Amino acid sequence: MGSVVLTMLRRKREVDAAIRDTLGKVLVLRFGRASHSACLQLDDVLAKSSWDISKFARVALVDMDSEEIQVYVDYFDITLRPRFCLKRHYM
């Protein structure tokens, strides 16, 4: 359910743009697979809370199955478990 409401990033340039363009907020990237039940549960929680945290955080889902995303999967050492990467820009 959460993946319907939240932005899904499938390409490296989309993740790069999210990192670059999210200013003055925390960027929450959920790396996972839409077919994984734990990810779906986490997506539901993120979708329900996204409006409440929208003043200080932006949430996006990152598809780990995308070949272009593997550079981030390797860089952040992400495994099959759902993970968060938080990035904060200071003004």
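Hydrogens, waters and symmetry mates are skipped; everything else that's a heavy atom, side chains included, is used. Here the structure is a predicted model, which means the values were calculated and not measured.
The two residues Leu9 and Ala18 come nearest to each other via the heavy atoms CD1-CB, 4.1 Å. In plain terms, the two heavy atoms of Gly32 and Cys39 that are nearest each other are CA-SG, 3.6 Å.
Evaluation of the side-chain contact (heavy atoms from CB on, under 4.5 Å) rule for Glu68 yields Arg11, Lys12, Ser66 as partners, not counting sequence neighbours. The side-chain contact (heavy atoms from CB on, under 4.5 Å) check on Val45 picks up nothing, with sequence neighbours excluded.
The CG atom of Leu42 sits 11.0 Å away from atom NE2 of His36, with the distance rounded to the nearest 0.5 Å. Note that OH of Tyr72 and CG of Asp16 are 3.5 Å apart. Values are rounded to the nearest 0.5 Å. Annotation: the span from Arg30 atom CZ to Met64 atom CE amounts to 9.5 Å, rounded to 0.5 Å. Here Ile78 contributes atom CD1 and Gln70 contributes atom CD; the two are 9.5 Å apart, rounded to the nearest 0.5 Å.
Between Arg33 and Asp63, no side-chain nitrogen of the basic residue sits less than 4.0 Å from a carboxylate oxygen of the acidic one, so the salt-bridge criterion is not met.
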Atom pairs and distances, side-chain donor-acceptor, residues 50-61, under 3.5 Å, sequence neighbours left out:
residue: Ser50; atom: OG; partner: Ala47; partner atom: O; Å: 3.0
residue: Ser54; atom: OG; partner: Trp51; partner atom: O; Å: 2.9
residue: Arg58; atom: NH1; partner: Thr22; partner atom: OG1; Å: 3.2

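With a 4.5 Å cut-off on side-chain heavy atoms, Phe31 and Ile69 count as touching.
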